[in-house]
Amino acid sequence: MRLNRRTSATVAGAALVGLALAACGSGGSGDGGTDGGDGGGASEVEVFTWWAAGSEKAGLDALVGAFNEQHPDIEFINGAVAGGAGSAAKDLLQSRLQAQDPPDTFQAHAGAELQDYIDAAQIEDVSDLYDEFGLNDVFPADLVERVTAEDGAIYSIPSNVHRANVVWANPTVLEENGIDPAAQYADLDAWMADLQKLQDAGVTPLSVATTWTQVHLLETVLLASLGAEAYNGLWDGSTDWESAEVTAALEDFETLMSYTNSDRDGLDWPEATQMVIDGQAAFNVMGDWAVAAFEEQGKALGTDFVAFPVPGTDGVFDFLADSFTLPVGAPNPDGAKAWLETVGSLEGQVAFNKAKGSIPARTDADPSEFSEYQQTAIESFGQDTIVSSLAHGAAAPVATLNAISDATSKFTSGGSDLATFQSELASAAQS
Ligand code: GAL
């Protein structure tokens, strides 16, 4: 897939596959007279996320707009804590949960991260709300599986699906340096040849930011280098972290990091993506929330920016989904239920995802309501091999992610060599 070149084909295809077309109209209506519908007397709801600024806040604001329409009597209290990927929010949330001071609802990634909260008995079974809001048929079955515990109880309502393995590029910077913006790179080696060209020309080839974005880059390199099956094996124990294949992937990561901006540790993802928007860097690897940053600034796909899967990962969709929970002991459970109703509703999902750059978790949204980039994501989600993101809670528990993040930060800041990094990753995967 080359997002900027296959646009017309993918747009046409998107109408036929992916999330398309059920048009069933079930569930999701605003004030459907349910218990959650008018909050059962709730007057407020504290919603805890990390969508605190920029295009992420714009996404949250759009969801709040839908909430205010559906539940005008309930006050939305914004509990957002800044820091991409929940880098600050998740620790703070954990302290609050342990102090029995939960918000009314919080953002959590579908998959292993949600399982952590389930195992710690910190969130409630919301299966009843699926019945009440008519959600049982509107989400893809494998997504529902990722928010379901072993006993079959469902623990959150997904708001969106994001893709992690995307490269964003500035075509002007590429052209100025003799690189074809429509180039298709078969693998990381082919891409790195152009990164070297940019480096030689004194241009920052690849922008990156603080540790979590480096882990995000690492996961896409592991995926590109090992392939989907062996990448999956990193999380189920069938791929040996100490193997020569992983060494080769880490060497690629080391090389890629040598092409990045030296001020990276002081930045978060918006600044790294902004470097590409502003022409201060050629490429950035980031999840597709980045498209919202380009679009918010009036940039057009194909002209002002191009996007393509990380070389070596074409045909693979590195998946993550945000979802919302009902914490045990939430002070305003009725407010939380009202929020969850909006999150699951068609109106809420369309409003939110249009602004956020993600695609609706619901299968009955009309693809033509979404941007050109999002239509390619809808198509890819419908047909690609799906793997789980490490940096965004789908693949591994928070403890593993934290240990991998520590090892990565140590390595990229010069505190360990590659062999040490590899053995620290191997131990981290046991966490
Ligand atoms: C992810 C989250 C996305 C986006 C991103 C950057 O973990 O799922 O919705 O917010 O972090 O902060």
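Counting starts at 1 for both ligands and their atoms, in listed order.
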Student: Can you work out which protein residues put a heavy atom within less than 4.0 Å of ligand 1?
Tutor: W50, W51, E56, G84, A85, H109, H162, W269, W289, L320, D322, K356, H392

Student: Are any of the side-chain heavy atoms of F305 and I277 separated by less than 4.5 Å?
Tutor: no

Student: Heavy-atom distance under 4.5 Å between the side chains of F139 and I154, does that happen here?
Tutor: no

Student: Do any side-chain atoms of residues 423-431 form donor-acceptor pairs under 3.5 angstrom with protein atoms, and if so which ones, sequence neighbours left out?
Tutor:
{"residue": "S423", "atom": "OG", "partner": "T420", "partner atom": "O", "Å": "3.2"}
{"residue": "E424", "atom": "OE2", "partner": "K410", "partner atom": "NZ", "Å": "2.6"}
{"residue": "S427", "atom": "OG", "partner": "S423", "partner atom": "O", "Å": "2.9"}
{"residue": "S431", "atom": "OG", "partner": "A428", "partner atom": "O", "Å": "2.7"}

Student: Does the pair K90/E113 count as a salt bridge with the N-to-O cut at 4.0 Å?
Tutor: yes

Student: Which residues satisfy the salt bridge (charged side-chain N to carboxylate O under 4.0 Å, His left out) test with E46, sequence neighbours excluded?
Tutor: R96

Student: Applying side-chain contact (heavy atoms from CB on, under 4.5 Å), name anything that partners A336, two or more places apart in sequence or on another chain.
Tutor: D104, T105, L326

